[in-house]
There are 2 protein chains.
Amino acid sequence: MKYIKVYNDLKQKIQQNIYTTSSSLQGEEYLCELYDTSRTTIRKALEKLKHEGYIHSKQGSGIFVNPPEFYEEKNLRTLSEKIEKNVNLENVLMNFNIIEADQKLAEIFNLSINTKMIFYKRLRKINNIPKVLEVTYMPKYLFKNFSEENAKGAVLRYIEKECNYGISHDIKNVTAIILDKELSETLEMPEGTATLQIEHKVYLIKSILAQYTKEIQVNSNIRFVSVR
Amino acid sequence: MKYIKVYNDLKQKIQQNIYTTSSSLQGEEYLCELYDTSRTTIRKALEKLKHEGYIHSKQGSGIFVNPPEFYEEKNLRTLSEKIEKNVNLENVLMNFNIIEADQKLAEIFNLSINTKMIFYKRLRKINNIPKVLEVTYMPKYLFKNFSEENAKGAVLRYIEKECNYGISHDIKNVTAIILDKELSETLEMPEGTATLQIEHKVYLIKSILAQYTKEIQVNSNIRFVSVR
DNA sequence: TGACATTTGTCCGTATGTATA
DNA sequence: CTATACATACGGACAAATGTC
């Protein structure tokens, strides 16, 4: 796929700051010659970069690179994709079980009651400091071979690479909660601290709900970008 | 613009539930004939609908309509765009002033210290119940005629329609806070309640920061959709 | 299992419209 | 006013995935 190659190459150049912020990208005609393709292909690559917040273009003027804050938080990234290379991410598995769906779970997943579900609870530590407490449910029939070992690793990566499922969307529901005694102990924070609770619904293509997660993040703020 | 017409028409049909969820959209060839256009134009309209979460397509298979939760919260909408028609939104202006930027504000807006800024604080009530407390800063030079009256209305609408500026992105930073005495009184909630504090940065095209807002929302959760 | 038609995805060339400098 | 650069639109060809017989 030619346009993906162009897209990847331009993205890399942008991330390496080869283009200074707001500087122009020498024009579509030039890029056609540089990559030896048609304008259609170049525009498709630019479209993708635009959609992900890397660039914007203006008729009659040119193509401009956006500052990093425009694109860094726009797409769904896993915790392991977010953190830098030199920090240590550890997932402490606190619970792992195959359970049967109760009414609430069945409704969330749009499955019948008593459907077999994978359940796990884990504490994610960065450089040995607790950061996220996660409770996750996944339908067993979609992930027949999912093991404790998988639950300790990068689960979204598992879904994509091992199972070959295409992840489509993640719907996040954010609320504020106050840490009770139990939570404050596991998260090593004072009781009464205000934290963010995030409910995730990870969907595969064709609207299949693959994962329902409730997580509590300590000491953190979330950043989102909406496009008008 | 032909593709916008196709886009609008299909969007309207989707929102009116003319297509049942996950049902197919009769195919590109069919749509070409229906709207009397080329496949390029149809595909451009479909691309836009895809980006906004209304549909997804699969090679060899077809075009499918997504359930409402996929698209309803994906784009930047103002409070007045979100609420239903029959509820009463009232903005109580608590403060309005022209101030000079201190160091922190100057840094946020990337302007020099003492630049003239519009400042206002307002309480947004829905059916007479306090919902959002907002503190907003906007550079005076961008909005020369901005008045108290404008601050009582729909400000994003003012930016777009009255000033003719194009809004590009909104970057939200969400944190959890606990209501102190003063906040709890204005928001009519018990002291100590956990709430969401959202910092907005509304950018125009070319990365110009038009508005910086800090808002506190009571009794609410925020929903976001990330695309993988 | 294999062959086939269908449907979306990719790519090219070309022409014209429109905002900007 | 003019040249430039992006935006829109058309038509055609082939590739790749899917569903069906």
Side-chain angles (χ1 to χ4, degrees), chain A residues 1-10 14 19 22-51 53-66 160 163-168 204-208 227-228, chain B residues 1-10 14 19 22-51 53-66 160 163-168 204-208 227-228:
Chain A
M1 263 133 29
K2 232 167 168 178
Y3 84 94
I4 294 288
K5 278 187 186 167
V6 177
Y7 158 80
N8 279 328
D9 191 70
L10 286 174
I14 291 167
Y19 306 103
S22 280
S23 90
S24 91
L25 222 64
Q26 307 100 318
E28 295 178 357
E29 250 354 292
Y30 172 89
L31 295 171
C32 287
E33 286 192 21
L34 177 62
Y35 293 104
D36 190 32
T37 57
S38 69
R39 222 181 122 209
T40 319
T41 305
I42 293 296
R43 280 184 66 79
K44 193 137 194 230
L46 294 175
E47 199 60 38
K48 196 165 162 61
L49 289 168
K50 254 184 251 181
H51 184 234
Y54 290 99
I55 58 168
H56 66 270
S57 56
K58 205 166 184 182
Q59 195 175 150
S61 176
I63 308 158
F64 307 92
V65 176
N66 288 330
E160 287 182 322
C163 307
N164 258 317
Y165 291 138
I167 294 176
S168 157
L204 308 181
I205 42 177
K206 290 213 168 181
S207 312
I208 300 166
V227 187
R228 179 61 172 173
Chain B
M1 263 133 30
K2 232 166 168 180
Y3 84 93
I4 293 287
K5 277 188 187 167
V6 176
Y7 158 82
N8 280 326
D9 192 69
L10 286 173
I14 291 167
Y19 306 103
S22 279
S23 90
S24 89
L25 221 65
Q26 307 103 317
E28 296 179 357
E29 260 340 304
Y30 172 88
L31 295 172
C32 286
E33 287 191 22
L34 178 61
Y35 293 106
D36 190 32
T37 58
S38 68
R39 216 179 132 212
T40 320
T41 304
I42 293 294
R43 282 185 65 78
K44 190 133 198 235
L46 293 175
E47 198 61 36
K48 194 165 163 63
L49 289 167
K50 259 184 243 177
H51 279 165
Y54 290 98
I55 59 170
H56 68 269
S57 57
K58 207 168 184 181
Q59 194 174 150
S61 178
I63 308 159
F64 306 93
V65 176
N66 290 329
E160 286 183 322
C163 306
N164 258 315
Y165 291 137
I167 293 176
S168 158
L204 308 181
I205 42 176
K206 293 217 169 179
S207 311
I208 299 167
V227 186
R228 178 63 170 173

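First the proteins, then the strands, lettered A, B, ... as listed; each starts at 1.
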So which atom in Ser57(B) and which in Lys50(B) form the shortest heavy-atom distance, rounded to 0.1 Å? OG-NZ, 3.0 Å
Taking distance alone, no hydrogens or angles, what donor-acceptor pairs closer than 3.5 Å link side-chain atoms of residues 40-49 of chain B to residues at least two apart or in another chain?
from, atom 1, to, atom 2, distance (Å)
Thr41(B), OG1, Ser38(B), OG, 3.3
Arg43(B), NH1, Glu28(B), OE2, 2.8
Lys48(B), NZ, Glu52(B), OE2, 3.4

Let me confirm one number: the CD1-NE2 distance from Ile63(A) to His56(A), rounded to the nearest 0.5 Å. 10.5 Å
Quick one: NE2 on His51(B) to OH on Tyr7(B), what's the gap to the nearest 0.5 Å? 11.5 Å
What residues, two or more places apart in sequence or in another chain, satisfy side-chain hydrogen bond (donor to acceptor under 3.5 Å, both in side chains) together with Asp9(A)? Lys13(A), Tyr35(A)
Can you tell me if the side-chain N/O atoms of Thr41(B) get under 4.0 Å from OP1 or OP2 in dC10(D)? yes
Please list, chain by chain and in numerical order, all residues satisfying side-chain hydrogen bond (donor to acceptor under 3.5 Å, both in side chains) with Thr37(B), sequence neighbours excluded. none
Inter-residue atom distance Arg39(B).CZ - Leu31(B).CG, 0.5 Å rounding: 11.0 Å
To the nearest Å, how far apart are Tyr3(A) OH and dA15(D) P? 18 Å
Short side-chain N/O contact to dG9(C) OP1/OP2 from Lys58(B), under 4.0 Å: no
Between atom NE2 in His56(A) and atom P in dT20(C), what is the gap in whole Å? 12 Å
Give a yes or no on whether a donor-acceptor pair under 3.5 Å exists between the nucleobase atoms of dG9(C), that is its base, and the side chain of Glu47(B). no
For the side chain of Gln59(A), counting heavy atoms from C-beta on, which of dC11(C), dG9(C), dA19(C) is nearest? dA19(C)
Please check the phosphate of dT8(D) (OP1 and OP2 only) for any side-chain N or O of Lys48(B) closer than 4.0 Å. no
Restricting to side-chain hydrogen bond (donor to acceptor under 3.5 Å, both in side chains), what partner residues turn up for Glu29(A), sequence neighbours left out? none
Is any side-chain nitrogen or oxygen of Lys44(B) closer than 4.0 Å to OP1 or OP2 of dT8(D)? yes
Taking the minimum atom-to-atom distance to the side chain of Met1(B), which one of dT8(D), dC12(C), dT20(C) wins? dT8(D)
What integer distance in Å separates Leu46(B):CG from dG9(C):P? 9 Å
Nearest-nucleotide wise, let me know which of Gly60(A) and Ser57(B) is further upstream toward the 5' end of DNA chain C. Ser57(B)
Find the distance Arg43(B):CZ to dT7(C):P and express it as a whole number of Å. 14 Å
Sub-4.0 Å heavy-atom contacts from residues 28-40 of chain B onto DNA chain C, ordered by number: Glu28(B), Arg39(B)
What is the distance, to the nearest angstrom, from the CZ atom on Phe64(B) to the P atom on dT7(C)? 11 Å
Rounded to the nearest Å, what distance is computed from the CD1 atom of residue Ile4(B) to the P atom of nucleotide dT8(D)? 7 Å
Rounded interatomic separation in angstrom, taking NZ from Lys2(A) and P from dA16(D): 14 Å
Taking atom C1' of dT10(C) as reference, at what distance in whole Å does atom CD1 of Ile42(A) sit? 14 Å
Net bend of the helix from dG2(C)-dC21(D) to dA21(C)-dT2(D), end axes of five pairs each, nearest 10 degrees: 20°
